[in-house]
**Q** 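Quick one: structure below, then a few questions.
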Protein chains: 2
Amino acid sequence: MPSARYGSRPTMKDVAARAGVGLKTVSRVVNGEPGVTPETEARVRSAIDALGFRRNDSARILRKGRTASIGLVLEDLADPFYSPLSRAVEEVARANGSLLFAGSSAEVPEREQELALALCARRVDGLVIVPASDDHRYLEPEMAAGIATVFVDRPAGKIDADVVLTDNAGGAREAVAHLIAHGHRRIAFIGDRPHIHTAGERLRGYREAMADAGLPVAPDWVSMGPTTPDHVRAELARLLGGTEPVTAIFSGNNRVTVTAVRVLAEHVRPVALVGFDDFELADLLRPGVTVIAQDPARLGRTAAELLFRRLDGVSEAPRRVELPGTLIARGSGEIPPSLAP
Amino acid sequence: MPSARYGSRPTMKDVAARAGVGLKTVSRVVNGEPGVTPETEARVRSAIDALGFRRNDSARILRKGRTASIGLVLEDLADPFYSPLSRAVEEVARANGSLLFAGSSAEVPEREQELALALCARRVDGLVIVPASDDHRYLEPEMAAGIATVFVDRPAGKIDADVVLTDNAGGAREAVAHLIAHGHRRIAFIGDRPHIHTAGERLRGYREAMADAGLPVAPDWVSMGPTTPDHVRAELARLLGGTEPVTAIFSGNNRVTVTAVRVLAEHVRPVALVGFDDFELADLLRPGVTVIAQDPARLGRTAAELLFRRLDGVSEAPRRVELPGTLIARGSGEIPPSLAP
DNA sequence: CTGAAAGCGCTTACAG
DNA sequence: CTGAAAGCGCTTACAG
């Protein structure tokens with residue numbers, strides 16, 4: 001058992017006193033700086049061990065300026081889409097000697113701001129943000145003060161900043177063109193709420209692909225709203241019912257796709273489905289689910305690497321990096337249009 | 001644009017000078033302490049706004065002792081099993097006004113230690129750890145110095161500490177008893193490497209259930225090793241081949257189950273499967289996958305709540321909290337034994 | 001090779 | 001109601 005009282009820890013001063021040396025000498029030993037005789041060093045080390053000393057990095061940070069920590073603001077720590085992204089950011093932070101603060105905005109703009117500013121108050125060196133808000137002017141003073149910031153998955157709002165994202169419109173175009181190539185003309189889009197950037201971009205890609213093929217889009221084929229199972233189920237019932245049901249669905253994200261798979265499994269008539277975002281086991285379902293896969297690990301890695309380049313002093317204009325989506329055909333997107341009932 | 005030079009930020013001293021007040025008065029306003037006339041407060045606030053001041057929490061922390069941050073050491077940030085767990089820990093931290101540092105050990109004991117000690121050097125108030133190591137004596141000085149520590153999913157090694165985990169042996173017993181009840185006698189267990197605590201416990205449950213039913217366990221029915229797809233495939237080929245193949249598989253975790261599902265889908269003869277750990281879409285596969293579900297969110301919440309109780313000064317003896325697993329029958333576990341080839 | 005002094009940006013304890 | 005001084009535990013810049 002160490003001799004320290006519960007809740008109080010030995011400091012460099014204590015080590016110096018016990019070793020009979022100056023404070024700076026202890027600092028030199030702890031930080032592996034040169035210029036200490038082996039004999040002195042040994043005395044210091046044994047004092048460190050006897051006292052159970054460990055350097056207080058908070059104090060060090062205060063003095064040095066850089067905190068060797070970065071912040072990650074996600075939409076939801078528990079969303080599997082962000083798991084590889086988080087992990088990639090962590091790996092890059094680790095490689096750069098930084099620790100990672102992580103938190104979720106729960107898709108609430110105020111919470112994103114609260115969390116980002118709390119991280120700034122801790123003086124993280126930089127921030128990787130999956131935006132929930134569409135106005136990031138609140139970050140301007142922080143960025144001007146030197147906190148590097150990179151947005152990922154969605155662009156920043158009302159400020160000019162680095163962003164790394166998937167080519168959402170392009171991926172959506174490819175998805176819809178794929179359905180058209182398989183004979184569909186009546187194709188619905190079910191996406192997230194319209195104020196979400198990715199949802200808007202995917203809708204744009206859908207419309208462009210339809211226009212490119214000279215196909216009309218009936219207003220009620222587009223459904224933008226919450227991605228809760230209940231809402232998606234209701235929308236699917238509407239789209240697949242009536243006298244002129246759609247023959248194919250383009251689902252705008254992961255959550256929607258999973259619900260669509262459940263509903264279509266119970267549906268009498270086969271309906272084609274292409275989803276945005278890949279997910280585990282998509283290949284094991286019957287039929288396998290055709291998707292536009294993003295690469296969340298690469299998104300995270302690219303964003304974090306850009307962040308650390310900024311921290312190293314690279315100060316070119318803000319960049320926008322777009323990564324391509326990849327169509328993976330597995331069966332559900334290759335179902336031909338079935339005759340109307 | 002704020003007037004601050006890039007990389008340097010205004011301090012309370014700057015605010016005090018500009019507002020023509022003392023340092024302590026600024027501190028009072030920033031922290032919402034009483035005893036400032038509205039007029040003085042207004043002067044201070046306008047100086048804060050003009051300068052773009054934000055309190056440096058690192059300095060505050062150094063002075064106050066508590067850092068209002070906790071650390072989370074996971075096995076892998078990208079493992080979907082830990083996503084709800086992380087999120088629950090984050091929620092509890094947030095509710096207690098703390099920020100969360102998160103990192104992965106990648107199942108490497110040295111990396112767990114490196115990460116945990118780095119967090120201690122930052123003087124986190126507490127630590128939630130999913131252990132990769134089986135010797136945590138390195139944490140004793142830290143815990144004695146007041147860093148609260150709760151282990152989750154697996155117990156600490158060689159020290160007495162709080163732990164929150166699933167009743168692994170009990171869940172495994174239930175899984176195997178379920179297969180036995182459906183007529184199986186030749187049941188294999190494929191688990192993680194034997195030094196991993198959960199793997200050992202699940203093996204114990206398997207053996208107990210077999211013994212309870214008076215069934216022998218052939219040595220080659222037990223396979224403990226890496227959960228990589230290649231290894232699991234090879235083991236399954238062995239278990240399902242030969243002259244006396246097993247008729248049912250109890251898979252010891254998530255990763256193994258997913259590979260088993262893939263292999264069994266291609267297998268000629270139907271083989272029963274029960275997996276430890278639930279996973280998304282398990283119900284949508286054909287057949288649905290019968291599992292022993294853990295509740296990772298509850299594991300995380302319970303661990304974090306225990307941690308904050310400790311931080312509030314509750315100092316009873318270390319506790320061991322076991323949460324039950326839940327059998328969810330979906331089809332794969334109810335397949336009857338098929339005749340040997 | 002070694003160390004005393006000043007300071008990082010706050011809060012605490014105290015005095016007016 | 002307000003503020004000057006001391007100090008949290010380190011590092012920096014400088015002197016011996």
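Letters A, B, ... are given to chains in the order of the sequence lines, protein chains preceding strands, and every chain is numbered from 1. Given the structure is predicted, the values throughout are model-derived calculations rather than measurements.
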**Q** Find the distance A:Arg66:CZ to C:dG9:C1' and express it as a whole number of Å.
**A** 20 Å
**Q** Produce a footprint string for nucleotides 11-16 of chain D: one letter per nucleotide, 5' end first; B if the base is under 4.0 Å from any protein heavy atom, S if only the sugar-phosphate is, - if neither.
**A** BBB---
**Q** Tell me the side chain to side chain donor-acceptor pair (under 3.5 Å) pairs involving residues 117-133 of chain B, sequence neighbours left out?
**A** B:Thr67-B:Asp125
**Q** If you count every heavy atom of other residues, nucleotides or ligands that lies below 6.0 Å from A:Glu39 atom CD, does the total exceed 12?
**A**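 Atom CD in A:Glu39 is not crowded, with 12 or fewer foreign heavy atoms closer than 6.0 Å.
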**Q** Just checking, any donor-acceptor pair under 3.5 angstrom between side chains of B:Glu112 and B:His136?
**A** yes
**Q** Rounded to the nearest angstrom, tell me the gap between atom CG in B:Asp14 and atom C1' in C:dG7.
**A**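 About 14 Å, once rounded to whole Å.
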**Q** Are any of the side-chain nitrogens in A:Arg137 or A:Glu142 under 4.0 Å away from the carboxylate oxygens of its partner?
**A**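 No, A:Arg137 and A:Glu142 are not salt-bridged.
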**Q** OP1 or OP2 of D:dC1 sitting under 4.0 Å from any side-chain N/O of B:Thr40?
**A**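 No, because none of the side-chain N or O atoms of B:Thr40 sits under 4.0 Å from OP1 or OP2 of D:dC1.
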**Q** Convert the base pairs of DNA chain D into dot-bracket notation, remembering that pairs crossing earlier ones are written with [ ] and that bases paired across to another strand are shown as |; include only Watson-Crick or G-U pairs under 3.5 Å.
**A** |||.||||||||.|||
**Q** Report yes if a side-chain nitrogen or oxygen of B:Thr37 is closer than 4.0 Å to either non-bridging phosphate oxygen (OP1 or OP2) of D:dT2; otherwise report no.
**A**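 True: B:Thr37 side-chain N/O within range (under 4.0 Å) of D:dT2 OP1/OP2.
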**Q** If I take atom CG from residue B:Leu165 and atom OG1 from residue B:Thr198, how far apart are they, to the nearest 0.5 angstrom?
**A** 9.5 Å
**Q** Hey, which of these two, B:Leu62 or B:Glu41, hits DNA chain D nearer its 5' end, going by closest nucleotide?
**A** B:Glu41
**Q** To the nearest Å, how far apart are A:Arg123 CZ and C:dG9 C1'?
**A**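 Distance, rounded to whole Å: 9 Å.
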**Q** For B:Glu75 and B:Ser104, which I'm curious about, is there any donor-acceptor pair between the side chains at under 3.5 Å?
**A** no
**Q** CG of A:Asn56 versus P of D:dG7: gap in Å, rounded?
**A**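 Result: 18 Å.
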**Q** Taking only Lys NZ, Arg NE, NH1 and NH2, and the carboxylate oxygens of Asp or Glu, determine whether A:Arg320 and A:Glu322 approach each other closer than 4.0 Å.
**A**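 Salt bridge between A:Arg320 and A:Glu322, a charged N being under 4.0 Å from a carboxylate O: yes.
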**Q** Compare side-chain N and O positions of B:Thr25 against OP1 and OP2 of D:dG3 and report whether any pair is under 4.0 Å apart.
**A**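 For D:dG3, OP1/OP2 do have a side-chain N/O of B:Thr25 under 4.0 Å.
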**Q** Just checking, any donor-acceptor pair under 3.5 angstrom between side chains of A:Ser83 and B:Ser83?
**A** yes
**Q** Between B:Asp57 (CG) and C:dC10 (P), how many Å, whole number?
**A** 9 Å
**Q** Can A:Arg301 and A:Glu90 be counted as an ion pair, charged N to O under 4.0 angstrom?
**A** no
